[in-house]
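Before any comments, here is the structure.
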Amino acid sequence: MASNSAAVFGSTGLVGSFILSNLLATGPFKPVTTIARRAPKAESPNLNSIVDADTNKWPATLIGLSPAPHVTFSAIGTTRAAAGGIENQWKIDHDLNVEVARAAKQAGVKTFVFISSAGSDGLLAATSPYSKMKKGVETTIKELEFDQGIIVRPGFILGEREQGRFVEGLLKGFVHGLSYLGLQDKIGQEAEVIARAAIRATQLADEGKAPSKHWVLGQSDIPQTQLNHYNTLITMAARPEIIGSEAGPEKPYPYKMEGKVISGFGRGSKELGIPTANLPVDDALTPWIANIPSGVYFGFASLALPASHPDKPSSTAAEGAFTVFPMVMSIGYNPFYKNTVRSAEVHILHKFGQDFYDAHMRLLILGFIREEKDYKSLEALIEDINFDCEVAKKSLAREAWGEKRGKSHRQGERRAPQNILG
Ligand SMILES: Cc1cc2nc3c(=O)[nH]c(=O)nc-3n(C[C@H](O)[C@H](O)[C@H](O)COP(=O)(O)O)c2cc1C
Ligand SMILES: Nc1ncnc2c1ncn2[C@@H]1O[C@H](COP(=O)(O)OP(=O)(O)O)[C@@H](O)[C@H]1O
């Protein structure tokens, strides 16, 4: 059994897809196996995706995995409407989860994580069928006596479901509104926050820091656990200066997005001395963005600067022509500032003589540097961002990442070649 392999069930759902993308982007887990009815959206050389429409076969498939996964996550769940009635929902939310947990035990899985629900242990557990299903699975996991059982009990799960649900959209607005009152963490949690808490809990368990062998994370533990994740997972000393293979960007990269540069909160230049050009985050235009981990990425930005802009090179005098620059960017909630809306902000590695709001910007995202973190001081945030800039510069300076154009990038004078910008 490899101590760093993981399996994820429910990987095409809301929380499961974030568990998968966070494991692939940041986790030390290799390989990450998914067993699902459909292939997950995530791509990675470390992903072992097993697609099988017959859920009855999943337990045997899990038992047959070699090496057996060290950790297994189950975020399997559906709705009564999607399942076509409560009986069918029971077969998935209860029976399938129970079968998967039993198979995991038989396979020798050490840590089993189940995404349950906040109602599973209160008054509701006795009355609501949904809570009964979750409670039934929790009881099985406890009885199976894994080395470590982890039960995550979120309230409302906030985030864009693949199908996009209207009611959920309304709820999201309502619960986000509560964040101003300091109540959001107690009522509903972002899908990505739940996923990170689940992953971080497995790491704490491996470090012998789980409070018990059957660890239940309640609603207010969830943001706290993932905050620990931000604070302790990455230390400067452990950060690599170069990211990615010498041979060039690997799947799932590149990601592309584009749009007009919009205003942010005006903190970049004023507070940090690091201006960031913001692009609107639109899940409809860039569906991949809903499922990628929040964090710091790097790549190239092409800008259509107006003819009047002092940084517009004479060689690209034509209006609408693009100039390419290396960039580092943050996608997420900026935990230091506790934003409740996800933003995409690009710091271009070039000193500009003038702003370029409204200019059209195209991004080619080639790799992931690190997760976003909370910081004790503004200085610590600035120090980390400056280190990110160095990582981006060094990583992009390699030939397969665009070094051939290194000079022109630095001067911002030519388009990047076809093999990179496509
Ligand atoms: C490379 C890079 C890394 C960043 N990392 C973090 C981070 O770890 N945590 C955080 O709270 N904000 C992070 N930020 C976001 C800054 O907090 C953000 O740019 C700042 O709040 C400016 O916001 P504004 O553009 O809305 O004015 C990062 C920004 C950049 C460009
Ligand atoms: N190197 C750079 N990278 C990104 N934006 C820059 C850079 N230099 C100047 N800018 C300009 O600064 C703006 C961002 O300023 P900032 O203070 O972060 O405010 P806000 O994020 O609220 O718009 C960008 O939209 C862009 O027009």
Side-chain angles (χ1 to χ4, degrees), residues 25-26 190 192-193 196 223 226-227 229-236 239 241 243 258-281 293-306 308-312 323-363 365-396 409-412:
T26 65
E190 291 285 345
E192 188 178 18
V193 170
R196 285 180 165 185
Q226 71 108 34
L227 274 182
H229 189 50
Y230 289 137
N231 290 335
T232 56
L233 199 61
I234 303 152
T235 56
M236 286 295 286
R239 286 184 61 184
E241 288 184 14
I243 305 269
E258 63 182 289
K260 282 207 185 318
V261 173
I262 54 170
S263 308
F265 292 102
R267 297 186 292 236
S269 308
K270 289 181 201 81
E271 284 187 28
L272 304 171
I274 304 167
T276 52
N278 294 49
L279 278 187
V281 176
S294 293
V296 181
Y297 293 80
F298 70 99
F300 292 101
S302 317
L303 272 180
L305 292 169
S308 57
H309 197 282
D311 293 270
K312 179 138 183 110
T323 314
V324 182
F325 303 95
M327 64 85 180
V328 65
M329 73 180 291
S330 143
I331 298 177
Y333 298 92
N334 300 348
F336 184 72
Y337 290 105
K338 306 203 168 25
N339 292 355
T340 53
V341 178
R342 211 166 183 231
S343 64
E345 319 184 358
V346 179
H347 175 62
I348 294 180
L349 301 174
H350 177 82
K351 196 158 175 43
F352 288 89
Q354 198 176 296
D355 285 349
F356 45 86
Y357 288 107
D358 287 330
H360 196 88
M361 179 162 72
R362 287 185 183 147
L363 301 180
I365 303 169
L366 299 178
F368 178 87
I369 299 183
R370 65 173 173 90
E371 289 171 84
E372 50 175 2
K373 295 199 288 170
D374 194 3
Y375 291 90
K376 292 206 170 61
S377 67
L378 192 64
E379 291 68 36
L381 169 63
I382 294 171
E383 197 182 319
D384 254 8
I385 298 180
N386 285 334
F387 193 86
D388 297 330
C389 295
E390 288 308 308
V391 173
K393 264 186 224 155
K394 286 190 176 140
S395 302
L396 293 170
H409 280 145
R410 276 190 292 280
Q411 296 165 355

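Everything quoted here is computed from the prediction, not taken from an experiment. All ligand and atom numbering here is 1-based and tracks the order in the structure.
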Could you say whether the N/O atoms of E371 and ligand 1 ever approach to under 3.5 Å?
no
If we only count N/O pairs under 3.5 Å, is R267 in contact with ligand 1?
yes
Contacting atoms of ligand 1, where contact means under 4.0 angstrom from a heavy atom of G264
26 (O)
Atoms of ligand 1, numbered as shown, that sit under 4.0 Å from any heavy atom of Y337
17 (O), 20 (C), 21 (O)
Considering only non-hydrogen protein atoms, determine which one is nearest to atom 26 (O) of ligand 1 and report residue, atom name and distance to 0.1 Å.
F265 N, 2.8 Å
Closest non-hydrogen protein atom to atom 22 (C) of ligand 1, residue and atom name please, with distance?
G268 N, 3.5 Å
Beyond-backbone contact of N386 with I274, side-chain heavy atoms, under 4.5 angstrom
yes
Taking heavy atoms and a distance under 4.0 Å, where does [X] meet ligand 2: side chain, backbone, both or neither?
{"X": "V346", "value": "backbone"}
{"X": "E345", "value": "neither"}
{"X": "D355", "value": "both"}

K351 bridged to D311 by N-O distance under 4.0 Å:
no
When you measure from the heavy atoms of Y375 to every atom of ligand 1, does any distance fall below 4.0 Å?
yes
Touching ligand 1 at all, I274? Heavy atoms, strictly under 4.0 Å?
no
Structural part of [X] in contact with ligand 1, heavy atom criterion under 4.0 angstrom:
{"X": "D384", "answer": "neither"}
{"X": "L381", "answer": "side chain"}
{"X": "N334", "answer": "both"}

Check this for me - ligand 2, Q354, N or O atoms closer than 3.5 angstrom, yes or no?
no
Given the rule in the side chain to side chain contact (heavy atoms under 4.5 Å, CB included) test, do H360 and E258 qualify, once you have shown the distances and angles that lead to the verdict?
CA-CA 7 Å; H360 196 88; E258 63 182 289; 2.6 Å; yes
Parallel, tilted or perpendicular: which describes the rings of F352 and F356, with under 30° parallel and over 60° perpendicular?
tilted
Identity of the nearest option to atom 3 (C) of ligand 1, non-hydrogen atoms only, from V328, N339, V296:
V296
Could you verify whether a donor N or O on one side chain and an acceptor N or O on the other, from E371 and S294, lie under 3.5 Å apart?
no
